[in-house]
Amino acid sequence: MKSRTSPLRPGRKTAANPADARVASLLPLAAAALILAACGEPAPEVRIYSGATMGTTYNVSIADGHADGSAVADAIATELDDVNRRMSTWLDDSELSRFNASASTDWQPVSASLCELIELALEISAGTGGAFDITVLPLVDLWGFGADGGVASLPSAADVAAVRERTGYAKLATDCSGPALRKTRSDLEVDLSAIAKGYGVDRVAERLEALGFANYLIEVGGELRVRGTKRDGAPWRIGLERPEAGISAVQTGLELSDTGVATSGDYRNYYEVDGDRYSHTIDPTTGAPVRHTTASVTVLAPRAVEADALATALLVMGAEEGLSFAEARGIAALFLDRRGSEIHARSTPAFTEIVRSSGRKIRP
Ligand code: ADP
Ligand code: MG
């Protein structure tokens, strides 16, 4: 079991089942950022399936009537377990950890699902000018946010520069006709933590569709996907959490149908040194945790996997750059910025339009 103690590692959530660290894994700290949760009481006859995965929890609500709950529960758990066993950097024997541990620069055969997720991640890296970069893992570790636990002191500029040399998404290639992956540096390592929960949500959605369901809300560690309505025909109600450590309050409520929803933020997984906040989102251009006033970004996209990756990328950019980037590409995004003790919300027209058309805003 890997050590999880460190002076520079406060304020983190523990694994859903800390007694069994092997069960935990992908993100032992659960969702960073705003945890999005369904608000209010479930409508009658909505069935809820819950459990632990990827070091966090999942909740699946299904509004379509059905009899065999245990088969549905098994189907959901099987999908999420498969994602975790392939994509986790917190399990030493996951498929991804084995690729990371290999020093080979030859093509290495991998499963189609791992290859395709990495291919998508690389496309998003290219599309976001490298703000999203799954090769930041050595930097995540250097700053004390990795599976080996926190660090005793902040890394030096020289350490950051040296470790940054090992990163860069252009050093990773995919050939999913193989399917195979290749690193051009033997010490390159891949971290899917910013995209795997959204991917897991989509995998569960596909499974539920195959089982004939059309009205559901799937949530894994704060990333979601909704389709259809609750039993009473009302849209699903989603609460966006106020980006503040130590409290759980709703910043804004949304009613949504047929969308993926993901949030990245700096207030769940961070530490402070001399009044400065260091959070787990790394700016690949500096090699250090992001430094700006944007506390969280929420993205709506058809697939949760895209929403998850884009929320991370836009948090790296921050509201100033991220808003114009998102607007130019029609991305539906909401940025929450800290201004003193106030939280200042700004959203793109695409975000406003989706919220307007899929439900009414519950609370400003
Ligand atoms: P959360 O998992 O808390 O919802 P994110 O989806 O933003 O938040 O994922 C954050 C995780 O992604 C970090 O803990 C780290 O492992 C990884 N990461 C950090 N910076 C980046 C980046 N620029 N691009 C891709 N992944 C990143
Ligand atoms: Mg993300």
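Atoms within a ligand are numbered from 1 in the order they appear, just like the ligands themselves. A quick note: this is a predicted structure, and the numbers were derived from the prediction, not measured. Both backbone and side-chain heavy atoms feed into the values below; hydrogens, waters and symmetry mates do not.
In the vicinity of V316, heavy-atom distances shorter than 4.0 Å reach the ligand 1 atoms 23 (N). Residue T281 approaches ligand 1 through these ligand atoms, each under 4.0 Å from one of its heavy atoms: 19 (C), 20 (N). In the vicinity of D308, heavy-atom distances shorter than 4.0 Å reach the ligand 1 atoms 6 (O). Heavy-atom contacts of E223 reach the following atoms of ligand 1: 4 (O) (cutoff under 4.0 Å). Those atoms of ligand 1 with a heavy atom of D133 less than 4.0 angstrom away are 22 (C), 24 (N), 25 (C), 26 (N). Within ligand 1, counting atoms from 1 as listed, the ones closer than 4.0 Å to a heavy atom of D191 are 15 (C), 16 (O), 17 (C).
Taking 2.8 Å as the threshold, E223 does not count as a candidate ligand of the Mg ion (ligand 2), since none of its N, O or S atoms lies below it. The Mg ion (ligand 2) has an N, O or S atom of A194 inside 2.8 Å of it. Residue T312: an N/O/S atom is found under 2.8 Å from the Mg ion (ligand 2).
If you look at R268 next to ligand 1, there are no close heavy atoms at all, none under 4.0 Å.
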Between R86 and Y199, does the side chain to side chain contact (heavy atoms under 4.5 Å, CB included) criterion hold? Intermediate values first, please. CA-CA 12 Å; R86 292 189 196 287; Y199 173 74; over 6 Å; no
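Of the inter-residue distances, the one linking T135 atom OG1 with I282 atom CD1 reads 11.5 Å to the nearest 0.5 angstrom. Between the CG atom of L181 and the CZ atom of F99 there is a distance of 4.5 Å, given to the nearest 0.5 Å. Rounded to the nearest 0.5 Å, atoms CG (L96) and CD1 (I118) are 5.5 Å apart. Considering CD1 of I218 and CG of L80, their distance stands at 9.0 Å, rounded to 0.5 Å. A distance of 6.0 Å separates CG in L137 from CG in N100, rounded to the nearest 0.5 Å.
What you find for C115 and A180 is that their closest heavy atoms are SG-O, 3.7 Å. Contact detail for R166 and E189: the closest heavy-atom pair is NH2-OE1, 3.2 Å.
Using a 4.0 angstrom heavy-atom cutoff, K197 counts as in contact with ligand 1. Put simply, part of P284 is less than 4.0 Å from ligand 1, judged by heavy atoms. Heavy atoms of F132 come nearer than 4.0 angstrom to ligand 1 in at least one pair.
For E320 and R346, the salt-bridge test passes: some basic side-chain N is under 4.0 Å from an acidic carboxylate O. Using a cut-off of 4.0 Å between Lys/Arg side-chain N and Asp/Glu carboxylate O, D82 and R207 are scored as not salt-bridged.
For a threshold of 3.5 Å applied to N or O pairs, the pair formed by A131 and ligand 1 contains at least one separation below that value. In terms of polar-atom proximity, defined here as any N/O pair under 3.5 Å, N269 makes no such contact with ligand 1. Residue I282 has at least one nitrogen or oxygen atom sitting less than 3.5 Å from a nitrogen or oxygen atom of ligand 1, judged on distance alone.
Judged by the 6.0 Å and 45° rule, R47 forms no cation-pi pair with Y49.
If you look at D308 and ask which of its N, O or S atoms sits nearest the Mg ion (ligand 2), the answer is OD1.
The residue among L315, T167, L137, V136 with a heavy atom at the shortest distance from atom 18 (N) of ligand 1 is V136.
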